Amino acid sequence: MPEMPEVETIARQLRRRVEGKRIVGVRLSGLPLRKPVSPGLGAALVGRTIRRVRRYGKYLVLTLEPKAFWLIHLGMSGRLLYHEPGRAEGADHTHAAILFSDGDGLEYRDPRRFGLLALYEGASPRAIPEIRSLGKDPLEPGFTGEWLGRRLRGSRREVKSFLLDQGVLAGIGNIYACEALFGARIHPGRRCATLTGRECGRLAAAVQKVMRDAIRRRGTTFSDFRGADGKAGGNQDYLAVYMKEGKQCVECGRPIRRISQGTRSTFFCQQCQR
DNA sequence: CGGCGGTCCTGTCAGC
DNA sequence: TGCTGACAGGACCGCC
């Protein structure tokens, strides 16, 4: 479910709420997620204070004191919900329930269990293997058409699969890959190396615009994304192609098409995207 | 190297 | 009203 704008939305909401709070209790479901949860996670969290909430690609890293890092990935169906004392918790699929010293709580829910919870010691979040393997964040200043051009040169892969590769660009998922390619008017099946310098510039700009707009609207709630406050996002009303098969293209009026690339659906306009 | 398909898991929806 | 199959925001692995 959550791509970078959704994870960024949660990070911003959590920052205000949890930074400086001390963890006094943890309950874990004990069920494995994408991988088994770090065995000592519960015990390690209790007594520690959350100092910082940071996002890397689609990952969240909570810096704890005494020094440790709590790595969180929401997979397809994960939620992180913050709540004040007394609110009901422990709903189905809650795999971690945190209690803070002031009575507030934080819950990790993930019905499909494609997410990840792990604890890392070490000097910095950059030392975490999952973080180290991430590529460039599209909101970093270094992400430009020139940078993109350099990475695309010589690659025969399809540009959509390139956008989804977290080791190259961190944070783009299926919705925003489709939307960015539409914004740049580039066909998703184009081979990377065939993109011109001008097209690379358009694509970099489109990726940034799509991500910034989505963050501004607090994420895309296609069916079940929720912010840390439990509220839906607002970006779903602004999608041009994702899940719009058969609907009219906002530019040319022709029907949006759906194809499969690998195991994933791609939505695009055959007229506008070349 | 890269594309493809399968895998993890539950929920939902369309079609019969 | 069930049942079944397809598919869903992600990531990883092994095979060609």
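What you see is a predicted model; the values in this text were computed from it and never measured. No hydrogens, no waters, no symmetry mates; every other heavy atom, side chains included, goes into these values. Lettering of chains follows the sequences in order, A, B, ..., and the numbering in each one begins at 1.
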Open item on the list: Considering every strand and a 4.0 Å limit on heavy-atom distances, what is the contact class for Thr221(A): base, sugar-phosphate, or nothing?
Closed with: base
Task: Interatomic distance, Arg157(A) CZ vs dC1(B) P [rounded to whole Å] - done: 11 Å
- [ ] Counting Watson-Crick and G-U wobble pairs only, both distances under 3.5 Å, name the nucleotide matched with dG6(B), or none.
- [x] dC12(C)
Task: Nucleotide dC4(B), atom P - distance to CG of Leu164(A) in whole Å - done: 13 Å
Open item on the list: Suppose you measure atom C1' in dG2(B) against the same atom in dG9(C); what distance do you get, rounded to whole Å?
Closed with: 24 Å
- [ ] Identify whether the distance between the nearest side-chain nitrogen and carboxylate oxygen of Glu130(A) and Arg34(A) falls below 4.0 Å.
- [x] no
Task: Interatomic distance where CZ belongs to Arg79(A) and P belongs to dG10(C) [whole Å] - done: 16 Å
Open item on the list: Without decimals, in angstroms, what is the distance between Ile10(A) CD1 and dG9(C) P?
Closed with: 17 Å
Give me the distances for all protein-to-nucleotides 9-12 of chain B N/O pairs that come in under 3.5 Å?
| residue | atom | partner | partner atom | Å |
| --- | --- | --- | --- | --- |
| dC9(B) | O4' | Arg112(A) | O | 3.3 |
| dC9(B) | O3' | Arg113(A) | NH2 | 3.3 |
| dC9(B) | O2 | Arg112(A) | NE | 3.0 |
| dT10(B) | O4' | Pro111(A) | O | 3.3 |
| dT10(B) | O3' | His93(A) | NE2 | 3.3 |
| dG11(B) | OP1 | His93(A) | NE2 | 2.7 |

Task: Side chain of Asn174(A) (C-beta onward), nearest among dA8(C), dA11(C), dG10(C) - done: dG10(C)
TODO: Tell me whether the OP1 or OP2 atom of dG9(C) has a side-chain N or O from Lys58(A) closer than 4.0 Å.
DONE: no
TODO: Give the rounded distance in Å between these two atoms: CZ of Arg151(A) and P of dC1(B).
DONE: 12 Å
Open item on the list: Let's see if you can work this out: which of dG3(B), dA8(C), dC12(C) has an atom nearest to the side-chain heavy atoms of Met76(A)?
Closed with: dA8(C)
TODO: May I ask you to verify if any side-chain N or O of Ser265(A) is less than 4.0 angstrom from the OP1 or OP2 atom of dA8(C)?
DONE: yes
- [ ] State whether a side-chain donor-acceptor pair under 3.5 Å links Gln166(A) with Tyr59(A).
- [x] no
Task: Separation between the C1' atoms of dT1(C) and dT10(B), rounded to whole Å - done: 22 Å
TODO: Tell me what Gln261(A) touches on the nucleic acid: a base, only sugar-phosphate, or nothing, going by heavy atoms under 4.0 Å.
DONE: nothing
TODO: Measure the distance from CD on Glu245(A) to P on dA8(C) and round it to the nearest whole Å.
DONE: 10 Å
Could you go through nucleotides 13-16 of chain C and list every protein N or O atom that sits under 3.5 Å from one of its N or O atoms, giving the distance for each pair?
none

Task: Arg150(A) with Glu146(A): basic N within carboxylate O range, under 4.0 Å - done: no
- [ ] Have a look at Phe100(A) and tell me which of Val24(A), Thr49(A), Leu106(A) forms a side chain to side chain contact (heavy atoms under 4.5 Å, CB included) with it.
- [x] Leu106(A)
Task: Matching residue for Pro5(A) among Arg217(A), Met211(A), Arg216(A) - test: side chain to side chain contact (heavy atoms under 4.5 Å, CB included) - done: Met211(A)
Open item on the list: If you only use heavy atoms from C-beta on, which nucleotide in dG3(B), dC7(C), dC12(C) is closest to the side chain of Arg191(A)?
Closed with: dG3(B)
Task: Distance, P atom - from dC9(B) to dC3(C), rounded to whole angstrom - done: 23 Å
Task: Basic-acidic side-chain contact under 4.0 Å: Lys21(A), Asp104(A) - done: yes
Task: Test: Glu158(A) and Lys160(A) ion pair at under 4.0 Å - done: no
TODO: Specify the separation, in whole Å, of atom CG of Leu152(A) and atom P of dG2(B).
DONE: 11 Å
TODO: Keeping to residues at least two apart or across chains, list the ring pair (Phe, Tyr, Trp, His ring centres under 6.0 Å) pairs with something in residues 152-174 of chain A.
DONE: none
Task: Atom-to-atom span, CD of Gln166(A) to P of dA11(C) - whole angstrom - done: 4 Å
Task: Mutual orientation of the aromatic rings belonging to His95(A) and His93(A) [parallel < 30°, tilted 30-60°, perpendicular > 60°] - done: tilted
TODO: Would you classify Tyr176(A) as touching base, sugar-phosphate or nothing, given that sugar-phosphate means primed atoms plus P, OP1 and OP2, and contacts are heavy atoms under 4.0 Å?
DONE: nothing
Task: Thr263(A) or Gly154(A), whichever maps to the more 5' nucleotide of DNA chain B - done: Gly154(A)
Open item on the list: Heavy-atom count check: over 12 atoms from other residues, nucleotides or ligands less than 6.0 Å from Arg257(A) CZ?
Closed with: no
Task: Lys/Arg N to Asp/Glu carboxylate O, Asp137(A) vs Arg55(A), below 4.0 Å - done: yes
- [ ] Give a yes/no on whether any side-chain N or O of Arg264(A) is located under 4.0 angstrom from OP1 or OP2 of dC4(B).
- [x] no
